[in-house]
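The structure under discussion appears below in the form of structure tokens.
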Amino acid sequence: MLQFVVRRLLLAIPTMVAASVLVFLMLHLVPGDPAIIFFGDQPVTPERLELVRRQMGLHRPLVVQYVDFVRGIPRGDLGRSIHNRTPVLEELRLRVGSSAALALAAFVVAVGLGLSLGLISALWRGKWADAGAMLIALGGVSMPIFWLASMLIFVFSLKLGWFPATGFGGWDRLVLPAVALGFISSATLARLVRSSVLEVLLQPFVTTARSKGLREAIVIRRHVLKNAFIAVITVMGLQFGTLLSGAVITETVFARPGVGKLLVDAISNKDFPVVQGAVLFIALVYIIINLLVDLSYAYLDPRIRFE
Amino acid sequence: MRTSIPASASSDAPAVVRTASRSLSREVLRRLRRSKSALLGGIILALLVAAAFAAPLLTPYEPLVMNPVDRLQGPNARHWLGTDVLGRDLFTRILFGSRVSLQTGLISVTIAILIGVPMGLLAGFYGGITDRSMMRLVDLMLTFPGILLALVLIAILGPDLFNAMLAVGISASPTFARVVRASVLSSKEQTYVEAARAVGCTNARIMLRHILPNTVAPIIVLGTLGVAGAIIAAAALSYLGLGARPPQPEWGALLSEGRNYLRVAWWMTTFPGLAIMTAVLSINLLGDGLRDALDPRLQS
């Protein structure tokens, strides 16, 4: 297992380096001078332009800029926001809590809902419950998250007044965003749980367990769920990616001060250091989550370790 | 799956290919017709496309003409889906918006196919360093979850509708590259490729005439489901103000306009969202049906 962990950790390094190169190059791939883009339509003196160019470090060779950029990452130096001169790390630090709370709550909703819908559908295969559960899942796949979020705000906040519509702090502000984000992510999971459970139900060991006279609930819990979970965990990890990108939109709709909203605002304001920092942060979280998923997968299924 | 025969191998070959592809398409249609959900999806989609084409005939209003007297009216006999803050008829705007949104989905997927398919084809066919470098690029692109890569590209290209299509297309291309590569890897070992090589076909000809036709089934399936994803992704970018801009009646942009009037004009948000959902649902149903009919191996 240790060998597998080390190998998998080493494999993650080139991906991280490549992600950092892409994020770094982003600023230089923008057509035109980034300093001029920053000023937009505003009139600007050549001196001021030169000053901003120096502040952004654009006067140095590209390789030097990249090396500096990478060196800064372990120190937490991701540059400063062009907009308000705050360190990018500080901007991220202020918002990570909100995003983490949303991601975690949405993950709980997604897993709870996805497992229940998938199980109901598989155990009552071909019945109305199956059709209903899969229809809900199909709705989740086809529904734009920003629409679901707006509808939740309209019904539960503006009409019924049960939850606040926007902002951060307190569990009541977390419910609607988590339900919106979790519901959308649960759809894929529900479909996968259904097919995995159906596959396991056909295995001989399930027939054996039943013929031993075990109660159906025990057969499902001990034999079916445990085996169906291996495939499900991988997708749960991959769904975290959907969750991260969905969070970008959810945070904007609910005006939650998270990393996703920071990114969208920074793109609109052409605040490239913040865009770089936020993208790098989300990509790193995604890479780490995928790493953890692979490790847990190997832990659950010994065959993976010896491949 | 379709197998083509080298044209130069026999004088009857084109006829054989035509017959084979005709019977395949007939078989696919037969299987599609058997799936009620795919049929339903196909019918809804056909109606949506017809409505998009016939938009000016279906409404007496213009999508961009303002009429402040009628502003923020709820659904009524004159304005079936109500009006927006500038008095524009919402049904008309959604109808004309379907032209923009459906086109956006199609163009984005076309871009994804134009980038992803050659990548997958070259990587799978040549292998070695070509394969490794292209697949590393694909892996790198997949490091950015979902809409994040599209956001990065929008940050580089600048926010507008064409750039949004380009961004969505580029970020969807790695999936095409992977699927095509996998398909090419299995096709290139087949005897008909060996036969084509033996009769002196060039690599380009083998790739385009003999291997590419065998990757068409997964491309059609992925492409169909991809249109649904692209419509949602492009609408999301427009909703965030990074795609279509007002007054363009794109569905995501319409929803974004309605966001500030949710308290007083629920219809401005509800109906454009329902339009997106109907289109995406119908395409997903059709795509699922196509997957089962064209390539049962792709079933999850």
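By convention in this document, chain letters (A, B, ...) are assigned in the order of the sequence lines, proteins followed by strands, and residues within each chain are numbered from 1.
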As an exercise, state the distance from [atom1] of [X] to [atom2] of [Y], rounded to the nearest 0.5 Å.
| X | Y | atom1 | atom2 | value |
| --- | --- | --- | --- | --- |
| B/Met268 | A/Ser150 | CE | OG | 11.5 Å |
| B/Ile156 | A/Leu25 | CD1 | CG | 8.5 Å |
| A/Ile153 | B/Arg259 | CD1 | CZ | 9.5 Å |
| B/Leu148 | A/Ile282 | CG | CD1 | 5.0 Å |
| B/Leu237 | A/Ile249 | CG | CD1 | 7.5 Å |

What orientation do B/Tyr239 and A/Phe146 show, parallel under 30°, tilted 30 to 60°, or perpendicular over 60°?
parallel
Between [X] and chain B, with a heavy-atom cut-off of 4.5 Å, which part of the residue counts as in contact: side chain, backbone, both or neither?
| X | answer |
| --- | --- |
| A/Phe154 | both |
| A/Ile145 | neither |
| A/Met143 | both |

Check whether any side-chain heavy atom of [X] sits under 4.5 Å from a side-chain heavy atom of [Y], and report yes or no.
| X | Y | value |
| --- | --- | --- |
| A/Leu138 | B/Leu285 | yes |
| B/Pro159 | A/Ile267 | no |
| B/Leu281 | A/Val141 | no |
| A/Lys261 | B/Leu240 | no |

Should we say atom CZ of B/Arg245 is surrounded by more than 12 heavy atoms from elsewhere, each under 6.0 Å from it?
yes
Using heavy-atom distances under 4.5 Å, tell me whether [X] contacts chain A through its side chain, its backbone, both, or neither.
| X | value |
| --- | --- |
| B/Leu142 | backbone |
| B/Ile232 | both |
| B/Arg263 | both |
| B/Asn284 | side chain |
| B/Ala228 | neither |

Could you tell me whether the side chain of A/Trp147 and the main chain of B/Thr270 form a donor-acceptor pair under 3.5 Å?
yes
Which one wins on heavy-atom pair count under 4.5 Å against chain B: A/Leu284, A/Leu158, A/Val275?
A/Leu158
Looking at B/Leu262, B/Leu274, B/Val280, which one has more heavy-atom pairs under 4.5 Å with chain A than the rest?
B/Leu262
Nearest atoms (heavy-atom pairs only) where A/Ala19 meets B/Leu140
N-CD1, 3.5 Å
